[in-house]
Amino acid sequence: MIEQPADIPPYRYTAAMARRIELAWQDRWDVDGTFHTPNPVGPLSEGFDRVVGRPKLYVNDMFPYPSGAGLHVGHPLGFIGTDVFARYQRMNGHHVLHAMGFDAFGLPAEQYAVETGQHPRVTTEANIVNYRRQLRRLGLGHDPRRSVATADVSYYRWTQWIFREIFNSWFDADAQRGRPIDELVTDLDAGIREPGQGTNPFDRTWPELSTVERREVVNNHRLAYVSEAPVNWCPALGTVLANEEVTADGRSDRGNFPVYRRPLKQWMMRITAYADRLLADLDRLDWTESIKLMQRNWIGRSTGASVIFATDAGPGIEVFTTRPDTLFGATYMVLAPEHPLVEVLTASQWPDGVAEAWTGKVALPREAVLSYQKRASQRSEMDRQAEARTKTGVFVGSYAANPANGEQIPVFIADYVLMGYGTGAIMAVPGQDQRDWDFAEAFELPIVRTVQPPPDFTGEAFTGQGPAINSAGETLTLDGMGIVEAKAAMIDWLEQYGHGAGAVTYKLRDWLFSRQRYWGEPFPIVYGADGLPQALPEEMLPLTLPDIEDFTPKTSDDENSDPEPPLGRIADWATVRLDLGEGEQEYRRELNTMPQWAGSCWYELRYLDPTNDQSFVDKEIERYWMGPDPAKPGDTGGVDLYIGGVEHAVLHLLYSRFWHKVLFDLGHVSSEEPFRRLFNQGYVLADAFVDNRGVYVEAEQVEQRDGRFFYGDEEVRREHGKMGKSLKNSVTPDEMYADYGADTLRLYEMFTGPMDQSRPWETKAVVGSMRLLQRIWRVVVDENTGKVRTSESAVPVETSRVLHRTIAGVRDGMETLRFNIAIAKITELTNHLTTAYAQGGVPAAVAEPLVLMLAPLAPHAAEEMWSTLGHEQSLTWEAFPVPDPAYLVDETVEIPVQVNGKVRATVVVPADIDAAGMEAAARADTRVAAYLDGNTVRKVVAVPGRLINFVV
RNA sequence: GCCCCCGUAGCCCAAUGGCAGAGGCAGGCCCCUUAAAAGGGCUCCAGUGUCGGUUCGAAUCCGACCGGGGGUACCA
């Protein structure tokens, strides 16, 4: 036992007392299995009969990445919030599932291992141990049996299994769903389906193809496929990265290193096939608008038309435009410098009379084009930004025909057109597009308006609404039409005359799925003599990550260096002799590993059935916890409440939706979405201090003197930012446990604001939450004897009113995740009790509900008080207090009387008075009468029980 | 540039169309204490970023602007 200082009452609620209570209850919860949550069936089903009638509730946190630095007080904000909510809903009659695992594979864990020179498994496991200790000390009510780590073999074998399922699937665009690849082969063999567009590089039909060729065509349909395409190569990390992992200024999300575009052979996931469903189903989710918007923007669906422009050189140029109505105003074309048609379209000679601006003053088109291409490829994204929007480009020396009016228009290459979007080529309409206008001005190209701007329009390109002009041809006239009508008419015309068709494009690209790193899931893939990838059969899983001496990635600052997967260093692993049905042969293994997002794409499913070694999750268990609610038509199913930071808006939250939809299509899960309701918690912010070199100094060592801040003797500048290592302003939960206890920390974090709001951390304000616990403690426990201090006396009506109003308010705060108002209501009740019962003797009938209401927020102290009040069982499964409506209304109320909206008096009236009675009572008041005297009352607004307003 | 969120007391935040204050921190005063505070009590403090509109009535709804935060950006 920890000694209390001698002069403090021995049973006061101090940090030492809190520690004793908290450690004891944490042990007891573990021993009793208090938070064991039974499944309806399977190995974890023991005790299900106790909860069989309860509605289920699945609450989940975005699981943490166990970094070497451990937790700071910002990390558990969401974890505490979900714990409070889960504990409340359990007491409120739900059967609640809440668990916690660890996202253990991936770059940050590996970077930490590299920095400390230890094996990532060693550091990761040590970090997990530390996280578990810190989180357990917080008193979170998780089912400990369900904790998983993505780097555990028993977990990643199922990550590999799901990858295999995705590899063995294709997307049926007609049915808009993923299907097993065997069904595609059956259809192709039966001749009822042709290979999809762009999947058959051979000039022959399916029946004419060889076995190997057929395999290649099938591979081109798979949802996981290998492709050679420009990807994001980050030499400093030694790996390629997904688009979602590259920041707007062309650097790596992790580490902020430069990223280069470069064609490499890599694994991709066909997430674009699901773009429409990922977009449409956002409307069915209870997510914050801001996250939905970010996903909508990232998917970036635009509708318009694809148009083919014929060229003399042969192949037509296909463009995508959202404004087919402006086709008559297309006065030139632009290809991205990397566009494959550039070579054939580049003329051998400049046409006569070409302006110098078009040629870059170079003698031959080929030279001009090559030099521009070279320049463009060397310009990093950063340079492009820095050069603002100055338009550069070069004429390729040839022309294309505008299909609308047959005019010959020049073809340019320019870096303002990006290969990665649409077709990598545009029709330029300077009259209605500012970028094209800028280019046209720089290159003296004609500008034709095809939408009539209003008379007072003074700008350049006009993108607003207006009637079409200058848009008449032999077989089509748009003049006078509005934009919507003109678009439709143009698309009809394009389709009729074979110049194009309505089209949809997306900003979303396929997900680059392979990494040249060690610390990730190995692909369950081998390559045979034909060089084509094949999945390992299910019974060969798991494919364990081999141990390796040198796990460090090969990094470099040379953008022309090549990726080199560390797994390639183990020669006897890189090749293997297997019998995959064609006799024993030698195969090469896939040497890349999966990205860190793979494991987090499905962990919420594994919590449901963590010990299952026959399946990644039992179907019945998944249906129970995550299945769609038949009472709610259109319900997607999924986790009932998912809380995490906003930073995963287009990474984890998009990838996991995609995997979940594939699993749904293949019939493995009954829910269509992984997370039915998503809530983003705010950040914990803290003061940070910068010295005059601009370097952050340890915030903890900064002193405030006369309103200025000093680090030693040096004055420093105060800033404000997200708590973390980089700003040197972290406060650890361990410090808070030692100084105040876990319950105080929990209470403080929940009190600083509603869940979705960021809030500044202020260590000196934490004491306020401790005081509240001390005062509630004192209501229940005698500080000198440790004995119960409540009485069995009757509850006065006034106290009942305060109690039941508190219950109603606390429930409201709990339901709406505004724990701050729940705590304020509890404080109000406590204040009432300490005033009304200054000498002790609070009726137990009030103290008990008070303790129960406190329980989700400060569970250890509440358990201890509950026990002091004479209860042997944990209060975890006690019913949460329910307000008695009889006490929520007063017999009389004081209502304001307004004259012209200004409060002039108040009158006391019976609570159930009607409008007429209220008016009579108000008129009877002498002050009101004085205001009304001599005026004509034009209108009386009387809201029974709220207020009355005379309009004179 | 475009989109989203947020501006209430020195600070964090309540009040979601009806008397601007629930609660906390900080400040001030008092009590307990040899003393101290992480104890107890009392108390000071804003008219809701600005301007307009809707309404009997606006912190709340609408519009514009200012300030802060976030997302995204030659996306055709």
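Proteins come first, then strands; the chains are lettered A, B, ... in the order of their sequence lines, and each starts at number 1.
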For Phe819(A) and Phe751(A): C-alpha separation, side-chain torsions, deciding distance, then whether ring pair (Phe, Tyr, Trp, His ring centres under 6.0 Å) applies.
CA-CA 6 Å; Phe819(A) 304 117; Phe751(A) 184 60; over 10 Å; no
How far apart are the C-alpha atoms of Gln432(A) and Thr450(A), what are their side-chain angles, what is the distance that settles it, and do they pass the side chain to side chain donor-acceptor pair (under 3.5 Å) test?
CA-CA 8 Å; Gln432(A) 275 79 229; Thr450(A) 56; 2.7 Å; yes
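- Between the CG atom of Asn949(A) and the C1' atom of C56(B) there is a distance of 5 Å, given to the nearest Å.
- Residue contacts for Ser769(A): at a heavy-atom cut-off of 4.0 Å it reaches no nucleic acid atom on any strand shown.
- Put simply, the residue from Val73(A), Asp739(A), Val766(A) that forms a side chain to side chain contact (heavy atoms under 4.5 Å, CB included) with Leu745(A) is Val73(A).
- Using the Watson-Crick or G-U wobble rule with both distances under 3.5 Å, C42(B) pairs with G28(B).
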Could you walk me through whether Tyr421(A) and Ser302(A) pass side chain to side chain donor-acceptor pair (under 3.5 Å), step by step?
CA-CA 11 Å; Tyr421(A) 186 77; Ser302(A) 5; 2.8 Å; yes
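- Using a 4.0 Å heavy-atom cutoff across all strands shown, Asp739(A) reaches at least one base atom of the nucleic acid.
- Remark: C1' of G23(B) and CZ of Arg775(A) are 10 Å apart, rounded to the nearest angstrom.
- Interatomic distance, CZ of Arg296(A) versus CD1 of Ile291(A), reported as 11.5 Å (0.5 Å rounding).
- In this entry the distance linking CD of Glu828(A) with C1' of A15(B) reads 12 Å, nearest Å.
- In this structure, U60(B) forms no base pair with any nucleotide, since neither Watson-Crick nor G-U wobble geometry is met with both distances under 3.5 Å.
- The same atom, P, is picked in U48(B) and in A38(B); the two are 36 Å apart, to the nearest Å.
- Spacing between G10(B) and C45(B) at atom P, rounded to whole Å, works out to 11 Å.
- Residue contacts shown for Ala824(A) include a base, since a base heavy atom lies under 4.0 Å away.
- Comparing the P positions of A58(B) and U50(B) gives an interatomic distance of 15 Å, to the nearest angstrom.
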Heteroatom pairs (N/O) under 3.5 angstrom, protein to nucleotides 3-9 of chain B:
none

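- Nucleic acid contact class of Arg509(A) (heavy atoms, under 4.0 Å, all strands): none.
- In this structure, Tyr332(A) has its ring center under 6.0 Å from that of Phe439(A).
- Between Tyr13(A) atom OH and A37(B) atom P there is a gap of 23 Å when expressed in whole angstrom units.
- For the P atoms, the distance linking C62(B) with U43(B) amounts to 39 Å, nearest Å.
- Asp433(A) comes within contact range of no nucleotide atom at all, as no heavy-atom separation falls under 4.0 Å.
- Nucleotide G7(B) is matched to C66(B) when pairs are restricted to Watson-Crick or G-U wobble geometry with both distances under 3.5 angstrom.
- One atom, CG of Leu772(A), and another, P of G40(B), lie 10 Å apart when rounded to the nearest Å.
- Within 4.0 Å (heavy atoms only), Thr834(A) reaches sugar-phosphate atoms of the nucleic acid but no base atom.
- Look at U34(B): it lacks any Watson-Crick or wobble partner with both distances under 3.5 angstrom.
- Note on Gln774(A): only backbone sugar-phosphate atoms sit closer than 4.0 angstrom, heavy atoms only; bases stay farther off.
- Remark: the separation of the P atoms in A26(B) and A15(B) is 24 Å, to the nearest Å.
- Rounded to a whole Å, the NZ atom of Lys764(A) is 8 Å from the C1' atom of C11(B).
- The residue Val767(A) sits close only to the backbone: its heavy atoms come under 4.0 Å of sugar-phosphate atoms, none of a base.
- When the P atom is compared between A59(B) and G52(B), the two are found 14 Å apart, to the nearest whole Å.
- Between C42(B) and G47(B), the two P atoms lie 26 Å apart (nearest whole Å).
- For G40(B), the base is anti relative to its sugar; the glycosidic angle deviates from 0 by more than 90°.
- Taking the P atom of each, C11(B) and G49(B) are spaced 13 Å apart, rounded to whole Å.
- RNA chain B is contacted by both Met294(A) and Ala425(A); Met294(A) maps to the nucleotide lying nearer its 5′ end (nearest heavy atom per residue).
- Between Tyr683(A) and Trp761(A), the distance separating the two ring centers is not shorter than 6.0 angstrom.
- Thr288(A) comes within 4.0 angstrom of nothing in the nucleic acid, heavy atoms only.
- If you check U55(B) for Watson-Crick or wobble pairing at under 3.5 angstrom, you find it has no partner at all.
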